[in-house]
Amino acid sequence: MKSVVIACGLEPEQLEQLDQALPDDYMLRVEDCLCDGVYSNAVCCLINEDGVEKENVHLMTALWSHMDRCDKAKTVWIGGYPPILAFEHYKDFNDVLQNLNDILQEADL
């Protein structure tokens, strides 16, 4: 069974690049709802700040703060300052692509 990586707020071109960059044992799933991204069976959730609605960020942070640690996917925030300090932070999508293997290895721990 493939490990799931969720993407929220990425542009179509970014989604294509991410899908091509993922190792064969990972599957990309695109979610519009941030809550589905952080509360799922995924090993990692990539959130692009520019592509998500701000009101959804508030709902997602409230949900995330009430979840047990074992239920949380590794969450990567792309853009400005992340709303939760525990999120891994990258300023732009290209940095995520360059570090994707490391991100996935940490997520699988």
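Just so you know, residue 1 is the first one in the sequence shown, and it goes up from there. Below, all heavy atoms of this structure are taken into account, side chains as well, without hydrogens, waters or symmetry copies.
- With contacts defined as side-chain heavy-atom distances shorter than 4.5 Å, the pair L28/I6 does not qualify.
- Looking at heavy atoms from C-beta onward, F87 lies out of side-chain contact with V76 at the 4.5 angstrom threshold.
- Here the side chains of Q105 and D102 are in contact, with some heavy-atom distance below 4.5 Å.
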Begin from the C-alpha positions of V30 and L15 and carry the test side-chain contact (heavy atoms from CB on, under 4.5 Å) through to its verdict.
-> CA-CA 8 Å; V30 179; L15 290 170; 3.7 Å; yes

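- Atom CG of L22 and atom OG of S3 lie 10.5 Å apart (nearest 0.5 Å).
- Under the 4.5 Å side-chain criterion, counting only non-hydrogen atoms from C-beta, F93 is not in contact with E11.
- Between I84 and T75, the closest side-chain pair of non-hydrogen atoms is not below 4.5 Å.
- A donor-acceptor pair is defined here as one N or O able to donate and one able to accept, closer than 3.5 Å; no such pair exists between the side chain of E31 and the backbone of C8.
- Taking CD of E16 as the start and CG of L18 as the end, the distance is 11.0 Å to the nearest 0.5 Å.
- Under the 4.5 Å side-chain criterion, counting only non-hydrogen atoms from C-beta, V5 is not in contact with R29.
- For residues 79-99, the set of pairs meeting the salt bridge (Lys or Arg N to Asp or Glu O under 4.0 Å) definition, not counting sequence neighbours, comprises K74-E88.
- Between W77 and N48 there is no side-chain heavy-atom pair separated by less than 4.5 Å.
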Kindly determine whether L10 and I47 satisfy side-chain contact (heavy atoms from CB on, under 4.5 Å), including the steps that lead there.
-> CA-CA 7 Å; L10 295 176; I47 302 171; over 6 Å; no

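- D24 is linked by a side-chain contact (heavy atoms from CB on, under 4.5 Å) to nothing, counting only residues two or more places apart in sequence or in another chain.
- Residues Y90 and N99 form a side-chain contact, since some pair of their non-hydrogen atoms from C-beta on lies under 4.5 Å apart.
- In terms of heavy-atom proximity, V52 sits nearest to G9 at CG1-CA, 4.0 Å.
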